[in-house]
Protein chains: 2
Amino acid sequence: MKINKKVRYGLRAMTEIRDSHQIGILQKQISENQSIPLNFLDSIITGLRNANLITNYSGKSSGYILTRSAKEISVYDIYCAFEPELALVNCICESNECKHANMCTTKDYWFELNNQIKQMMKNAYLDTLIVNENKGPTKIKAH
Amino acid sequence: MKINKKVRYGLRAMTEIRDSHQIGILQKQISENQSIPLNFLDSIITGLRNANLITNYSGKSSGYILTRSAKEISVYDIYCAFEPELALVNCICESNECKHANMCTTKDYWFELNNQIKQMMKNAYLDTLIVNENKGPTKIKAH
DNA sequence: TTCGCATCCAACTAATTCAATAGAATTAAT
DNA sequence: ATTAATTCTATTGAATTAGTTGGATGCGAA
């Protein structure tokens, strides 16, 4: 079970765009800052734009910005820019219902796990994604 | 993000073995009951045996049984019979630490999500996996 | 207007993983 | 011995992933 690279790069790209605030940021700059291959980033940007999460003015010095506040963009919004609805197992998509579903011992469990994961991704917002400066164990300040 | 078929079949196979209690159950029977291709089930059984979750006597009329109580076998135990430790992103495995980890905005989030999913799989035990008989909306009995 | 830069867009490919199959060797009950 | 089941190794075919290539388009500066 892996998160695919478009989602991972997409999330990192989104934090770059977030941090450029109203000014906007170019693909090239995102690519350099985040070590994402430029050509690959291109298709990631397409995904984010189609999902209506970012926008820009076309032309030479465009620069991408968010379409809404970072605290209104969830990790699941970004996930869905690159993947269909989260479905850990195929029978979660109704179109793919499997024949022995009505005697399946595991279906309910997968549905439950699927929902919980989805909910965790929906409850995490772009504004909370930050670099953790603490490398070592957390120091508790005496008070 | 998908659960692979070995894990899914493996979990279903485990509920069959659980339900055979002390008697034991043959691959062929598991294969028929759960519509799992027999040859493929073979490699799944191997995984479960190597993970020390099931055992049998080899030969003609063997039959598999659990090595311990179903309520002591977690979904995560079964998952790990077929996959290495859950790692949604590669940098979770220390051997694969990525170069810009110390400036990564998303690492902490993936670590947190990874831990929560792992915990949910560790807290679900084989004895709780059952067929849900209710097809329609739940009927609440008047009392 | 022509050039450079950056985005936009579609097709393609190389590599890897996944799901399944095939067949031979082994084991043990009858 | 025969039979029925498991065990082990190797291979295949399909699907997915990650990334590339090449060209069209749009804008601004020289």
Side-chain angles (χ1 to χ4, degrees), chain A residues 1-13 16-17 20 23-65 79 81-84 87-90 93 96 98, chain B residues 1-13 16-17 20 23-52 54-65 79 81-84 87-90 96 98:
Chain A
M1 194 160 56
K2 291 275 179 214
I3 301 286
N4 84 29
K5 275 207 162 172
K6 285 202 173 184
V7 175
R8 276 146 64 199
Y9 284 158
L11 196 53
R12 273 157 56 190
E16 286 290 325
I17 296 167
S20 80
I23 300 124
I25 184 170
L26 300 179
Q27 285 189 14
K28 195 181 169 189
Q29 204 177 332
I30 297 171
S31 162
E32 281 169 10
N33 294 354
Q34 291 289 336
S35 315
I36 302 169
L38 183 57
N39 288 327
F40 194 33
L41 179 62
D42 190 18
S43 65
I44 288 161
I45 292 290
T46 300
L48 294 170
R49 190 164 26 76
N50 289 344
N52 208 35
L53 298 173
I54 60 173
T55 187
N56 70 326
Y57 301 98
S58 56
K60 190 178 169 183
S61 56
S62 37
Y64 293 93
I65 55 169
Y79 179 89
F82 305 107
E83 298 262 23
L88 293 181
V89 295
N90 284 335
C93 317
N96 251 321
C98 99
Chain B
M1 193 160 59
K2 291 274 180 215
I3 301 286
N4 83 30
K5 274 206 162 172
K6 285 202 173 184
V7 175
R8 277 146 61 201
Y9 284 158
L11 196 53
R12 275 157 55 190
E16 286 291 325
I17 296 167
S20 81
I23 302 123
I25 184 171
L26 299 180
Q27 285 190 15
K28 195 181 170 189
Q29 204 177 333
I30 297 171
S31 163
E32 280 169 10
N33 294 355
Q34 291 290 337
S35 315
I36 302 170
L38 183 57
N39 289 327
F40 193 34
L41 180 63
D42 185 19
S43 66
I44 288 161
I45 292 290
T46 300
L48 294 171
R49 190 165 25 77
N50 289 345
N52 207 35
I54 61 173
T55 187
N56 71 324
Y57 302 98
S58 56
K60 192 175 168 183
S61 55
S62 38
Y64 294 92
I65 55 169
Y79 180 89
F82 305 107
E83 297 262 23
L88 294 181
V89 295
N90 283 335
N96 251 322
C98 100

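All chains are named by letter (A, B, ...) in the order of the sequence lines, taking the proteins before the strands, and each is independently numbered beginning at 1.
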Nucleotide nearest A:Ile45 when distance is taken to its side chain, options C:dC8, D:dA18, D:dT6 |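 From the listed options, C:dC8 comes nearest.
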
Of the nucleotides D:dT7, D:dA5, C:dT7, which has the atom closest to the B:Leu26 side chain?
->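 Of the options given, the side chain of B:Leu26 lies nearest D:dA5.
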
Specify the separation, in whole Å, of atom [atom1] of [X] and atom [atom2] of [N].
X: A:Asn50; N: C:dC8; atom1: CG; atom2: C1'; answer: 10 Å
X: B:Gln29; N: D:dT6; atom1: CD; atom2: P; answer: 10 Å
X: B:Ile3; N: C:dA19; atom1: CD1; atom2: C1'; answer: 16 Å
X: B:Arg8; N: C:dC18; atom1: CZ; atom2: P; answer: 12 Å
X: B:Ile65; N: D:dT6; atom1: CD1; atom2: P; answer: 14 Å
X: A:Asn90; N: D:dT16; atom1: CG; atom2: C1'; answer: 13 Å
X: A:Ile44; N: C:dC8; atom1: CD1; atom2: C1'; answer: 15 Å
X: A:Lys2; N: D:dA15; atom1: NZ; atom2: C1'; answer: 19 Å

4.5 Å side-chain heavy-atom contact, B:Tyr9 and B:Pro37 |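 The answer is yes, as the side chains (C-beta and beyond) meet within the 4.5 Å cut-off.
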
Degree of bending in the helix from C:dT1-D:dA30 to C:dT30-D:dA1 once both end axes are built from five pairs, to 10° |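 Axis angle across the helix from C:dT1-D:dA30 to C:dT30-D:dA1, nearest 10°: 10°.
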
Pairing residues for A:Thr55 by the side-chain contact (heavy atoms from CB on, under 4.5 Å) criterion, not counting sequence neighbours |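 Checked A:Thr55 against side-chain contact (heavy atoms from CB on, under 4.5 Å); matches are A:Ile65, A:Thr67.
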
Got a list of side-chain donor-acceptor pairs under 3.5 Å for residues 40-48 of chain A, not counting sequence neighbours?
from: A:Ser43; atom 1: OG; to: A:Phe40; atom 2: O; distance (Å): 2.8
from: A:Thr46; atom 1: OG1; to: A:Asp42; atom 2: O; distance (Å): 3.1

Do you know which two heavy atoms are closest between A:Gly63 and A:Leu26, and how far apart they sit?
->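 Closest approach of A:Gly63 to A:Leu26, heavy atoms only: N-CD2, 3.6 Å.
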
Below 3.5 Å, can you tabulate the donor-acceptor pairs from side chains in residues 1-8 of chain B to any protein atom, sequence neighbours excluded?
from: B:Lys2; atom 1: NZ; to: A:Ala87; atom 2: O; distance (Å): 2.7
from: B:Lys2; atom 1: NZ; to: A:Asn90; atom 2: OD1; distance (Å): 3.3
from: B:Asn4; atom 1: OD1; to: B:Lys6; atom 2: N; distance (Å): 2.9
from: B:Asn4; atom 1: OD1; to: B:Val7; atom 2: N; distance (Å): 3.0
from: B:Asn4; atom 1: ND2; to: B:Glu83; atom 2: OE2; distance (Å): 2.8
from: B:Arg8; atom 1: NH1; to: B:Ile3; atom 2: O; distance (Å): 3.1

side-chain N/O [X] vs [N] OP1/OP2, d < 4.0 Å:
X: A:Tyr64; N: C:dC8; value: yes
X: B:Asn56; N: D:dA5; value: no
X: A:Gln27; N: C:dA6; value: no

Pairwise distance CD1(A:Ile36) to CD1(A:Ile30) - rounded to 0.5 angstrom |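 Output value for this atom pair is 7.5 Å.
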
Quick one: pull up CD in B:Gln27 and CG in B:Leu38 and give me the separation to the nearest 0.5 Å.
->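 Reported value, rounded in 0.5 Å steps: 6.0 Å.
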
With sequence neighbours excluded, residues passing side-chain hydrogen bond (donor to acceptor under 3.5 Å, both in side chains) with A:Asn33 |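 With neighbours one apart ignored, the set is A:Glu16.
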
Contact class for B:Arg49 (heavy atom, under 4.0 Å): base, sugar-phosphate, or nothing?
->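 Result for B:Arg49 = sugar-phosphate.
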
Give every pair of a protein N or O atom and an N or O atom of nucleotides 19-25 of chain D that lie under 3.5 Å apart, one pair per line with the distance.
none

